[in-house]
Amino acid sequence: MKTVEELVAIPSVSFPAWSPQGNAIAFLLHDPAVGWRLAMYDFETASVRMLSEEPVTPGRLTWMPDGSMCAVVRPNDEGGSDIWLVPTSDSVAETRVASGSWVNRSPAFSPDGQLLAFLSGKAGALDVWVTPLNGGKSRQLTQNTNPLDESRWMPRWSPDGQWIAYVSSRSGERNNDDVWLASLDGTEHRQLTVGIIVNSNPAWSPDGQWIAVVGNTETEHWYGDDADIWRVDPGEGPSVRLTPAGGHSRRLEGAGITWSADARAIFALAFRNGDQNIAAVPADGGVRTLLTNLSGQVTDMALSPDGKTLAVIHESQTCPANLFIMPVEGGRLRQLTHSGSSISRPLPPPERVPYLSFDGLYCDAYLYLPPEFDEDQRYPGLIQVHGGGTNAYGNGWHPVEQWLAAQGYVVFAIEYRGSSGYGREFANLSYADWGGDQTLDAVAAGQWLLDQPYISTIGIYGGSYGGYMTLHSIVAEPKLFSAAVDMYGKTNAFTGQAKADRVGRLFSSRDYWGRYAHEIPEAMKKASTVYRLDRIETPLLIMHGDRDARVPPIESQQVAEALSRMDVPHDYVVYPGEGHGFQKWEHRVDCYTRILRWFDQYLRSDDSRGESTSAGAVATPVRQ
């Protein structure tokens, strides 16, 4: 992987969905040049074909029960989004069934195929609506379900089609993501969970007797990928925690959990030591076991209509996400797509190298080495700090680190305390301590890397929470890192929370006893680098999207303004039209090009080996 264009051009797949007849799997194919598109693997022809060339919004796919079409979401020119029915046959035209200047998303067909449920912001909240597919007006089924800035959730039909399960925060802004039921006629609404922070869409058992969700109690840490599986009674019984040890990943707008055909087990994504696999959790409690035991990460799955085969999305350190199938009774995976075929040469996996942190604890890490690495030479090194805080870097597909290594850098990607996959005790170490001991883990990683005889100098970089950690690290140790890159990181806990979307607000409050910044000002000042930016000496590249709702761009603006007053070398780039993370092809090329040039400028020296092979061309559609 030599050029930035090759890095950005690698496709991937996600969101598998079996056809009701079991003869095809629909999925979304991500081509960085055009975005997400609807594709289908046809078992009869053993081939992939595109169902639509028009880009779609990524999200869970749903099939018409007769297998004639899939429902997808697309943005429109009015600032909202539309729901389209895309046929699987070329002889039928696409049909738009919901539109407007508001959000319409998360479609789900009723079991009889007569109705389509979806989420809509038409009435001023993100509510469940139902529209008949044979003509007629849409009707609002729920009210005040979720705020418009809640980006998660999908309505789920009961197997008999008489109820819709959904997640709502109507009982309160904080600590109140509960499972509710609505009758099809809209006359009955019941709250099923109390005291649980639900982190996944509801999953009905095939017999309709139970609902499974991923979540934690209101008093627990937001564990990211270490949450629990709960069995919820659609009647009046209590909810039961089936996995008190955690270790299961929520999958927003995705599967994450699904039931076996006989309703005896719940299949869930289980995250441990960087690898993510599929576990079987007994529905009546008991010992969970693994269906897969793969190196890498299973990021999504879907069960075939006959319950015998799983569609699996799997990625590894050397290959992007691809679609596979495997028998539920056990067996080898069969690969159906080949997203990594465009990579110019085989990629080496990183080495797993735990390191000793400041207090005697070890943190896991991944060491990416340049091609033809020679320990007798000296290379520039980089610390990568992952985003998400309570999530993890993980043993999955990381093309940016592979590309930077190919440019002659040694990259050390760390799993600081609080990261998922290493047990609840390790995860709890970050609770109510943002920017505290996690920062010292990053500093210890930098010192470890700099102490290696093959390292000349080091930098640090990260996005989102990784950008936040980058700022904390260069504030804590102004002279350790010779250059840094902060992508859409937070500096001010007060403005960052007040102006964030609902998930952003909840994420920070959940880690501080469920309280908001203005309620705990001293703790939030400690967690905010904005009050100590005058300690920064490290040259800093700052990048943000001007439509970022999760971490508002005012966060990066505050950092840039402070560095301007201090005359610290920095560059501040704002990408128009981008949210939390950069999606447009030209912006991603520009972003990675700038990162490489920034580190080349401040880390390359006469005693560091090699030069960058290609930095690409800096694009112009950015505002600085």
Side-chain angles (χ1 to χ4, degrees), residues 274 350-370 373-387 389 392-393 398 401 404-405 408-419 422 426 429-430 433-463 465-486 489 526-527 529 532-533 535-541 568-569 595 598-605 607-609:
E351 298 179 14
R352 296 288 287 269
V353 182
Y355 68 95
L356 185 65
S357 193
F358 71 99
D359 58 353
L361 296 183
Y362 285 87
C363 295
D364 198 8
Y366 301 79
L367 187 67
Y368 295 82
L369 299 174
F373 173 74
D374 183 351
E375 284 196 355
D376 293 329
Q377 301 290 333
R378 285 164 63 83
Y379 302 81
L382 298 173
I383 299 297
Q384 199 283 347
V385 276
H386 68 76
Y393 183 79
H398 299 289
E401 284 66 59
L404 286 170
Y409 285 87
V410 173
V411 185
F412 200 42
I414 66 172
E415 301 282 27
Y416 48 79
R417 67 192 63 208
S419 300
Y422 302 94
F426 188 78
L429 293 175
S430 68
D433 189 36
W434 283 27
D437 289 351
Q438 289 178 320
T439 299
L440 300 182
D441 289 337
V443 168
Q447 192 60 61
W448 179 90
L449 188 61
L450 191 59
D451 287 343
Q452 305 310 304
Y454 48 83
I455 296 297
S456 57
T457 186
I458 61 170
I460 186 170
Y461 70 100
Y465 199 90
Y468 170 83
M469 286 277 289
T470 295
L471 292 174
H472 270 285
S473 298
I474 62 176
V475 164
E477 291 292 339
K479 299 184 182 301
L480 178 61
F481 302 99
S482 298
V485 177
D486 161 28
K526 179 182 176 183
T529 54
R532 300 180 298 281
L533 293 176
R535 287 180 51 82
I536 293 179
E537 301 177 18
T538 309
L540 179 64
L541 171 61
V568 173
I595 290 174
W598 191 259
F599 284 136
D600 280 354
Q601 178 180 352
Y602 291 101
L603 301 188
R604 297 280 183 184
S605 61
D607 63 347
S608 62
R609 185 172 186 259

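Residues: numbered from 1 along the sequence shown.
- Within the 6.0 Å centre-distance limit, the rings of His386 and Tyr416 are counted as a close aromatic pair.
- Between His398 and Tyr393, the angle of the ring planes stays under 30°, which puts this pair in the parallel group of the 30/60° scheme.
- A distance of 5.0 Å separates CG in Asp376 from CG in Asp374, rounded to the nearest 0.5 Å.
- If you look at Tyr409 and Tyr379, their ring centroids are not closer than 6.0 Å.
- Here Pro569 pairs with Pro539, Tyr602 under the side-chain contact (heavy atoms from CB on, under 4.5 Å) rule; sequence neighbours left out.
- Counting all heavy atoms, side chain and backbone alike, Glu401 lies closest to Gln384 at OE2-CG, 3.4 Å.
- Contact between Ser357 and Asp441 at its shortest, heavy atoms only, is OG-OD1, 2.5 Å.
- Residues satisfying the side-chain hydrogen bond (donor to acceptor under 3.5 Å, both in side chains) test with Asp433, not counting sequence neighbours, are none.
- With sequence neighbours left out, the ring pair (Phe, Tyr, Trp, His ring centres under 6.0 Å) criterion links Tyr465 to Trp434, Tyr468.
- Taking the side-chain contact (heavy atoms from CB on, under 4.5 Å) definition, one finds that Val568 meets it with Ile536, Leu563, Met566, sequence neighbours left out.
- In this structure, Phe358 and Val443 have side chains that are not in contact, with every pair of non-hydrogen atoms separated by 4.5 Å or more.
- Tyr362 is linked by a side-chain contact (heavy atoms from CB on, under 4.5 Å) to Leu356, counting only residues two or more places apart in sequence or in another chain.
- With sequence neighbours excluded, no residue forms a ring pair (Phe, Tyr, Trp, His ring centres under 6.0 Å) with Phe599.
- One distance of note links CD of Gln438 with OG of Ser473; it measures 10.0 Å at 0.5 Å rounding.
- Test Leu603, Ile460, Val485 against Leu382 for side chain to side chain contact (heavy atoms under 4.5 Å, CB included) and you get one pass: Leu603.
- Taking CG of Asp364 as the reference point, atom OG of Ser419 lies at 9.0 Å (rounded to 0.5 Å).
- For Phe412, the ring pair (Phe, Tyr, Trp, His ring centres under 6.0 Å) partners are Tyr355, Trp448, not counting sequence neighbours.
- Residues satisfying the salt bridge (Lys or Arg N to Asp or Glu O under 4.0 Å) test with Arg535, not counting sequence neighbours, are none.
- In this structure, the side chain of Asp437 does not engage the main chain of Leu440 through any donor-acceptor pair within 3.5 Å.
- Distance check: Leu533 CG to Leu471 CG gives 7.0 Å after rounding to the nearest 0.5 Å.
- Heavy atoms only, all atoms of each residue included: Leu369 and Ala405 are closest at O-CB, 3.7 Å.
- Applying the salt bridge (charged side-chain N to carboxylate O under 4.0 Å, His left out) test to residues at least two apart or on different chains, none of the pairs has a partner in residues 443-456.
- Closest heavy-atom contact between Trp598 and Ala484: NE1-O, 3.3 Å.
- Side-chain N or O atoms of His472 include none that pairs as donor or acceptor with a backbone N or O of Ala442 at under 3.5 Å.
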Only distances under 3.5 Å count here; give the side-chain donor-acceptor pairs of residues 474-483 to other protein atoms, sequence neighbours excluded, each with its distance to 0.1 Å.
{"unit_1": "Lys479", "atom_1": "NZ", "unit_2": "Glu537", "atom_2": "OE1", "d": "2.8"}
{"unit_1": "Ser482", "atom_1": "OG", "unit_2": "Thr457", "atom_2": "OG1", "d": "2.7"}

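- Here Thr470 pairs with nothing under the side-chain hydrogen bond (donor to acceptor under 3.5 Å, both in side chains) rule; sequence neighbours left out.
- Partners of Ile455 under the side-chain contact (heavy atoms from CB on, under 4.5 Å) rule, at least two apart in sequence or in another chain, are Val410, Leu449, Leu450, Gln452, Ile458.
- A cation-pi arrangement is absent between Arg417 and Tyr422 under the rule of less than 6.0 angstrom and at most 45 degrees off the ring axis.
- Of all heavy-atom pairs spanning Ser430 and Gly418, the tightest one is OG-CA, 3.5 Å.
- Contact record, Arg378 with Pro453: CG-O, 3.7 Å, taken as the closest heavy-atom pair.
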Problem - Stepwise side-chain contact (heavy atoms from CB on, under 4.5 Å) check, Tyr368 with Leu404 - result: CA-CA 9 Å; Tyr368 295 82; Leu404 286 170; over 6 Å; no
